Amino acid sequence: MARFPSMDDKCSVLYLSRLHLDDLSLDHLTDSKRQQIQQLHLTYNRLSFLPPSVCFLFNLEYLDISNNALTVIPDDIMRLTNLKTFVAKNNLLDESSFPKEFERMQVETLNLSGNRFEDIPMQFLKMTTLQSLSLGGNRLKNIPAEIENLTSLEMLYLGGNLISSIPPEVANLISLRYLVLCDNRIQSIPPQLNKLHSLLSLSLHNNLLTFLPREILSLVHLQELSLRGNPLVVRFIKDMTYDPPSLMELAGRTIKSQNLPFSSCDLPSNLIHYLNLASECPNPKCAGVYFDSCVRHIKFVDFCGKYRLPLMHYLCSPQCSSPCSSNPQSDAESEEENSVPADRLQRVLLG
């Protein structure tokens with residue numbers, strides 16, 4: 001049992017890293033000295049459990065217990081009511097390792113990268129104070145829809161997992177500034193991510209992307225977009241499969257394209273809701289709309305003769321020939337893409 005050495009009266013940061021500790025006792029410290037401790041570093045030791053004495057440091061705000069052999073976080077951690085940052089990288093933790101009431105902790109930064117998580121614990125998904133969540137280098141296969149509950153989240157790091165898709169609920173993280181999804185198995189990006197108006201950095205390198213949704217052009221504050229290691233710059237999807245529209249869709253298209261007036265006196269509420277879901281065809285030469293029946297189509301945008309970025313379009317019909325060209329100066333370039341400053345796009349793509 002290692003004992004903590006004497007400490008200066010003004011000390012608030014304790015470094016106990018790389019001391020080969022397998023336990024820790026702070027029993028010899030007076031209450032006043034314990035109250036002074038705000039940061040505790042216990043990294044690179046031999047701890048298989050969180051020492052009970054740590055949970056009596058009631059003013060602790062920062063705890064780093066990375067690079068140990070922890071398998072469980074005890075219920076006593078709930079005593080640390082002032083804890084804001086909890087770092088436990090490179091341990092043996094999984095989704096069953098945390099107290100059921102961990103969601104009550106007012107933690108703002110949670111870093112558990114390099115552990116054995118296969119799922120994001122439900123407790124984490126209820127921590128509305130979280131500003132930064134890092135679960136990189138685990139075994140996660142999916143991102144639960146409940147991620148949208150983390151309304152204060154500014155940084156989400158899920159790189160180095162087994163994630164194959166991104167739920168559209170991620171777009172509800174309106175405070176998100178940094179989204180790291182590199183080194184996964186992601187094949188497509190939901191167009192709803194265009195609602196992440198605060199996003200500054202999006203890391204998607206080393207995935208299985210063959211295209212990006214055209215809506216990504218509307219992320220006007222995006223400064224870094226990492227795409228290396230994806231097949232999207234060397235090959236692309238050309239999928240013109242098309243299911244004929246239903247009679248209801250044909251009627252809905254006519255109503256919307258002809259701007260025919262309607263009200264709750266004319267139509268039941270479900271049809272009014274349906275009509276409000278109309279999407280405009282992205283072809284600037286087409287004034288049509290679509291609901292459920294559309295055609296997936298790739299449009300290349302070329303920058304500096306070095307990068308050919310495939311953007312996904314959804315057309316209202318196969319006859320609506322939205323251009324698909326690798327020539328950035330062709331007549332096929334859409335008005336929307338021409339309206340986006342080239343320097344911003346270039347910085348994003350090459351960043």
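These numbers come from a predicted model, not from an experiment.
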K.L.:
Mark yes or no for whether N59, through its side chain, and Q36, through its backbone, hold a donor-acceptor pair below 3.5 Å.
P.N.:
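Side chain of N59 to backbone of Q36, a donor-acceptor pair under 3.5 Å: no, none is there.
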K.L.:
Does the side chain of S132 reach to within under 4.5 Å of the side chain of N111, using non-hydrogen atoms?
P.N.:
no
K.L.:
Does the pair R79 and F56 meet the rule for a side chain to side chain contact (heavy atoms under 4.5 Å, CB included), with working shown?
P.N.:
CA-CA 7 Å; R79 298 174 181 269; F56 289 92; 3.8 Å; yes
K.L.:
In this structure, would L227 and L200 fall into the same cluster of hydrophobic residues linked by side-chain contacts under 4.5 Å?
P.N.:
no
K.L.:
Go through the steps for I143 and I163 under the test side chain to side chain contact (heavy atoms under 4.5 Å, CB included), then give the verdict.
P.N.:
CA-CA 7 Å; I143 305 173; I163 298 168; 3.9 Å; yes
K.L.:
Kindly give the heavy-atom pair with the smallest separation between F49 and P52, and that separation in Å.
P.N.:
CE1-CD, 4.1 Å
K.L.:
Could you grab the distance from atom NZ of K89 to atom OG of S66, nearest 0.5 Å is fine?
P.N.:
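If I round to the nearest 0.5 Å, the distance is 5.0 Å.
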K.L.:
Main chain of R104, side chain of Q106: is a donor-acceptor contact present, judged purely on distance under 3.5 Å?
P.N.:
yes
K.L.:
Taking N230 for its side chain and N207 for its backbone only, find out whether a donor-acceptor pair lies under 3.5 Å.
P.N.:
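Yes, N230 side chain to N207 backbone: donor-acceptor pair under 3.5 Å.
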K.L.:
Using side-chain heavy atoms (C-beta onward) and a distance below 4.5 Å, is Q39 in contact with E61?
P.N.:
no
K.L.:
With no hydrogens and no angle check, is any side-chain donor or acceptor of R34 less than 3.5 Å from a backbone partner on L26?
P.N.:
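Yes, R34 side chain to L26 backbone: donor-acceptor pair under 3.5 Å.
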K.L.:
By the ring pair (Phe, Tyr, Trp, His ring centres under 6.0 Å) test, which pairs, at least two apart or in different chains, include something from residues 119-168?
P.N.:
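The answer is F98-F124, F102-F124.
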K.L.:
Do L250 and I255 share a hydrophobic cluster, counting only Ile, Leu, Val, Met, Phe, Trp and Tyr and linking them when any side-chain heavy atoms are less than 4.5 Å apart?
P.N.:
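As far as the 4.5 Å side-chain criterion goes, I255 and L250 are not connected within one cluster.
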K.L.:
Can a donor-acceptor pair be found, under 3.5 Å and without considering hydrogens, that links the side chain of N276 to the backbone of Y274?
P.N.:
no
K.L.:
Is there side-chain contact between L150 and L133, with heavy atoms separated by less than 4.5 Å?
P.N.:
yes
K.L.:
Quick one, L156 and V180 - any side-chain contact, counting heavy atoms below 4.5 Å?
P.N.:
no
K.L.:
Would you give the length of the straight line joining atom CG of L158 to atom CG of L140, rounded to the nearest 0.5 angstrom?
P.N.:
6.5 Å
K.L.:
Would you call L63 and L83 a side-chain contact if the rule is heavy atoms closer than 4.5 Å?
P.N.:
yes
K.L.:
Would you find a donor on one side and an acceptor on the other, under 3.5 Å apart, between the side chain of N138 and the backbone of G160?
P.N.:
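Absent.
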K.L.:
At their closest point, which heavy atom of V54 faces which heavy atom of L80, and how far apart are they?
P.N.:
O-CD2, 3.6 Å
K.L.:
Got more than 12 heavy atoms from elsewhere within 6.0 Å of CG, L267?
P.N.:
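Check passes, neighbour count above 12.
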K.L.:
Does Y62 reach the side chain of K84, with side-chain heavy atoms less than 4.5 Å apart?
P.N.:
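No, too far: nothing below the 4.5 Å cut-off.
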K.L.:
Taking the side chain as C-beta and beyond, is there a heavy-atom pair between D64 and T85 under 4.5 Å?
P.N.:
no
K.L.:
Is there a side chain to side chain contact (heavy atoms under 4.5 Å, CB included) between L60 and L40? Walk through the geometry before answering.
P.N.:
CA-CA 8 Å; L60 198 64; L40 177 58; 3.9 Å; yes
K.L.:
Please determine whether the number of non-hydrogen atoms from other residues, nucleotides or ligands lying under 6.0 Å from atom OH of Y44 exceeds 12.
P.N.:
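Result for OH/Y44: open.
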K.L.:
Give a yes or no on whether the backbone of I174 and the side-chain of N172 come within a donor-acceptor separation of less than 3.5 Å.
P.N.:
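No; zero donor-acceptor contacts below 3.5 Å.
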K.L.:
What distance do H197 atom NE2 and H221 atom NE2 have between them, rounded to the nearest 0.5 Å?
P.N.:
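Taking NE2 in H197 and NE2 in H221, the distance rounds to 10.0 Å.
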K.L.:
Under the side chain to side chain contact (heavy atoms under 4.5 Å, CB included) rule, what do I216 and L202 come out as? Steps first, then yes or no, please.
P.N.:
CA-CA 11 Å; I216 204 166; L202 177 57; 4.0 Å; yes
K.L.:
Between P121 and E95, what is the shortest heavy-atom contact and its length?
P.N.:
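Nearest heavy atoms, P121 then E95: CG-CA, 3.8 Å.
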K.L.:
Check whether any side-chain heavy atom of M105 sits under 4.5 Å from a side-chain heavy atom of F86, and report yes or no.
P.N.:
no
K.L.:
Between R228 and S226, is there a side-chain donor-acceptor contact under 3.5 Å, judged purely by atom types and distance?
P.N.:
yes
K.L.:
What closest approach, in Å, do L130 and L110 show between heavy atoms, and which atom pair accounts for it?
P.N.:
CD2-CB, 3.8 Å
K.L.:
CD of E224 to CG of L179: how many Å apart, nearest 0.5 Å?
P.N.:
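E224 atom CD to L179 atom CG measures 12.5 Å (nearest 0.5 Å).
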K.L.:
So, for N91 and N67, which heavy atoms are closest and what is the spacing to 0.1 Å?
P.N.:
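For N91 versus N67, the nearest heavy atoms are ND2-N, 3.9 Å.
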K.L.:
Answer yes if L275 and M248 sit in the same cluster of Ile, Leu, Val, Met, Phe, Trp and Tyr residues linked by side chain heavy atoms under 4.5 Å apart, and no otherwise.
P.N.:
yes
K.L.:
Is there a continuous path of hydrophobic side-chain contacts, each under 4.5 Å between heavy atoms, that joins L16 to L70?
P.N.:
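Same hydrophobic cluster.
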K.L.:
Is I166 reachable from Y178 through a run of I, L, V, M, F, W or Y residues, each pair having side-chain heavy atoms under 4.5 Å apart?
P.N.:
no
K.L.:
Answer yes or no: does atom CG of L260 have more than 12 heavy-atom neighbours from other residues, nucleotides or ligands under 6.0 Å?
P.N.:
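Yes, enclosed.
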K.L.:
CG of N161 to CG of L135: how many Å apart, nearest 0.5 Å?
P.N.:
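Rounded to the nearest 0.5 Å, the CG-CG separation comes out at 7.5 Å.
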K.L.:
Under the 3.5 angstrom rule, does the side chain of Q123 hit a backbone N or O of P99 as a donor-acceptor pair?
P.N.:
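Yes; judged by distance alone, with no hydrogens or angles, the pair exists.
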K.L.:
Treating S17 as the side-chain partner and T43 as the backbone partner, does any N or O pair qualify as donor plus acceptor under 3.5 Å?
P.N.:
yes
K.L.:
Looking at every non-hydrogen atom in both residues, tell me the closest pair between A278 and V289 and how far apart they are.
P.N.:
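Minimum heavy-atom contact is CB-CB, 4.3 Å.
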K.L.:
Hey, what do you get for CD1 (I189) to CG (L204), rounding to the nearest 0.5 Å?
P.N.:
4.5 Å
K.L.:
Is it true that N194 and E215 share a donor-acceptor pair across their side chains at a distance under 3.5 Å?
P.N.:
no
K.L.:
Quick check against the 3.5 Å criterion: does D76 have a side-chain atom that pairs as donor or acceptor with the backbone of S53?
P.N.:
no
K.L.:
Just checking, any donor-acceptor pair under 3.5 angstrom between side chains of N206 and D183?
P.N.:
yes
